[in-house]
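Computation of the quantities below employed the complete heavy-atom set of this structure, encompassing side-chain atoms and omitting hydrogens, waters and symmetry-equivalent molecules. Letters A, B, ... are given to chains in the order of the sequence lines, protein chains preceding strands, and every chain is numbered from 1.
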There are 2 protein chains.
Amino acid sequence: MPDPEETFLAEYDPAAFPPVAVTVDVVALTMREGVPVALLIRRGVPPFQGAWALPGGFVHADEDLATAALRELGEETRLPSDVHIEQLGGYGSPTRDPRMRVVSIAYLLLAADLPDPRPGTDAAEAAWVPLRELGFGTGGPTPRPLAFDHAAILADGVERARSKLEYTALATAFLPAEFTMAGLREVYEALWNVPLHAANFHRKVLSVPGFVVDTGRLTAQGGGRGGRRARLYRAGDATSLHPALLRPAGEES
Amino acid sequence: MPDPEETFLAEYDPAAFPPVAVTVDVVALTMREGVPVALLIRRGVPPFQGAWALPGGFVHADEDLATAALRELGEETRLPSDVHIEQLGGYGSPTRDPRMRVVSIAYLLLAADLPDPRPGTDAAEAAWVPLRELGFGTGGPTPRPLAFDHAAILADGVERARSKLEYTALATAFLPAEFTMAGLREVYEALWNVPLHAANFHRKVLSVPGFVVDTGRLTAQGGGRGGRRARLYRAGDATSLHPALLRPAGEES
DNA sequence: AGAGAAAATCTCGTTCTGAGAATAACTTAG
DNA sequence: CTAAGTTATTCTCAGAACGAGATTTTCTCT
């Protein structure tokens with residue numbers, strides 16, 4: 001049972017509570033050379049100086065949370081106009097930051113063709129790191145430790161992306177405006193770490209209303225080692241997929 | 001481009017930023033007499049005095065966010081031991097609270113058989129309100145306005161519950177430890193506002209491994225107006241459903 | 001005992017899915 | 001220029017899943 005006086009003060013003077021800082025952290029994912037990568041920075045200042053971390057920072061006064069996420073990420077890389085951003089959730093363990101109580105709102109950002117990052121003001125280094133090197137996907141080296149609870153946030157972001165591929169048109173957010181069926185399939189295969197049957201995938205995608213629309217045009221050239229020219233598609237109106245594109249039942253291969 | 005000095009201060013002295021308060025708000029849902037209901041309180045103090053709102057309050061120092069959500073809800077109703085709680089996300093519009101900058105972490109809580117609420121220290125009244133009266137479900141009266149951005153949070157919570165019925169075993173969280181197939185179907189029908197084919201639902205649920213397990217026992221009595229006694233099931237080990245129980249394709253009836 | 005009601009099972013035609021084969025269209029080696 | 005290899009796309013078919021309805025079982029109430 002709480003102290004009534006405390007509750008009274010809380011209603012009338014929220015500032016009477018111990019100070020809490022609010023930050024945003026961003027899980028930014030994109031495809032580079034056919035493999036999914038995440039943007040990480042190496043911290044130039046304590047705590048966790050020298051450790052890799054998610055881009056992020058403190059929310060400014062009178063700034064919206066999503067705006068803060070975009071601003072912080074814009075300090076590390078040039079953002080294209082059409083990014084997908086959604087909130088992952090709040091992370092507020094009392095011990096997650098050794099300095100003080102910090103509650104962080106994490107965002108998931110997906111985009112195509114994000115350029116090489118530039119180190120921000122408080123980052124010593126910034127790099128796109130393949131998810132395989134971060135403990136996602138098959139095998140790979142031992143993942144490097146991340147600062148704060150950023151490993152958990154990154155894992156939540158990757159899992160969110162993986163599961164939203166099933167029932168939303170999220171995969172197109174990883175791709176440029178026009179893409180091939182094979183490119184779309186690559187997104188699914190790379191994030192799920194599963195080989196998909198190309199013919200069945202093709203049939204399924206076209207059977208979902210509004211998922212992709214045929215541009216009527218073809219790629220300029222066939223594949224590097226030969227092959228028919230692929231049809232080009234654009235993302236359709238649909239945001240949710242009916243019926244869904246479910247992950248194969250078995251475990252990751 | 002941010003002011004480097006400001007960033008420097010942010011790294012070393014987070015408290016230099018304008019004060020932000022962190023609260024939790026809870027969307028608590030349960031089934032009462034076959035209809036889904038949400039717990040609302042009527043505010044006894046400004047701002048929004050007299051308006052209906054979600055239960056919630058300020059996070060204490062050194063208190064975990066989920067702990068705070070359970071504590072705040074425990075002030076309004078007696079919580080059983082087996083509740084399902086998950087985070088909905090952070091709500092941080094700069095103007096969502098007229099007093100000051102307040103970032104709220106919202107939680108979704110599901111449980112069976114929650115008792116009648118008792119007004120908390122800062123609530124004038126507390127009540128279970130059918131979702132139909134809050135603008136969810138078919139028709140119903142014009143929904144009452146809620147304080148702050150709680151209407152949006154409630155909508156997110158209901159939609160989260162609705163969609164997680166499809167691919168997780170969440171529906172059992174609305175039910176007591178032992179339940180009938182009809183009871184489980186009622187949860188789906190009430191939340192989705194769709195009549196389901198009882199025979200096909202029965203077949204589908206039993207075909208999902210680990211969704212429910214047969215206790216081998218039957219209800220003590222048949223239905224009130226006659227009818228065969230129903231088999232009793234318990235929730236199984238599975239947390240995610242493979243294959244999923246997808247919502248019918250059409251719109252809400 | 002009979003009517004009505006609810007639970008559980010069965011039937012059947014349609015659709016969806018997984019797996020492989022077949023075809024079409026291209027690049028490159030020679 | 002042609003054959004071999006490669007990729008994209010379409011086709012086929014058997015098995016599984018699904019929607020809708022009928023049927024059977026076992027209760028309660030009159």
Criterion side-chain contact (heavy atoms from CB on, under 4.5 Å) against A:R160, the qualifying member of A:L88, A:L29, A:L170, A:L165: A:L88
salt_bridge(A:R32, A:D116) N-O dist < 4.0 Å: yes
B:R247 and B:E159 ion-paired at < 4.0 Å: yes
With sequence neighbours excluded, residues passing side-chain contact (heavy atoms from CB on, under 4.5 Å) with A:R144: A:W52, A:V129, A:E133, A:L134, A:L146
5' precedence on DNA chain C between B:G226 and A:R229 (nearest-nucleotide basis): B:G226
Near-ring test A:F211/A:Y233, centroid separation under 6.0 angstrom: no
Protein-nucleotide distance (B:R217, atom CZ; C:dA8, atom P), rounded to Å: 14 Å
Nucleotide C:dA7, atom P - distance to CG of B:L196 in whole Å: 14 Å
Pairs where residues 210-220 of chain B contributes a residue and the test side chain to side chain donor-acceptor pair (under 3.5 Å) is met, not counting sequence neighbours: B:E178-B:R217, B:D214-B:R231
Contacts of A:E186 that satisfy salt bridge (Lys or Arg N to Asp or Glu O under 4.0 Å) - sequence neighbours left out: none
Pairwise N/O distances under 3.5 Å, protein to nucleotides 9-17 of chain C:
none

Pair pattern of DNA chain C in dot-bracket, where unpaired bases get dots and | marks partners in another strand, Watson-Crick or G-U under 3.5 angstrom: ||||||||||||||||||||||||||||||
Where chain B begins and ends its contact with DNA chain D, read 5' to 3' at 4.0 Å from heavy atoms: D:dC18 to D:dC29
Below 4.0 Å: OP1/OP2 of C:dC26 and any side-chain N or O of A:Q221: no
Polar side chain donor-acceptor pair, B:Y91 to B:D156, under 3.5 angstrom: yes
B:N193 versus B:T138, side-chain donor and acceptor atoms under 3.5 Å: no
Heavy-atom donor-acceptor pair, B:H197 side chain to B:N200 backbone, under 3.5 Å: yes
Contact nearer the 5' end of DNA chain D, comparing A:L218 with B:A220: A:L218
Side chains of B:V27 and B:D25 in contact at under 4.5 Å (non-hydrogen atoms): no
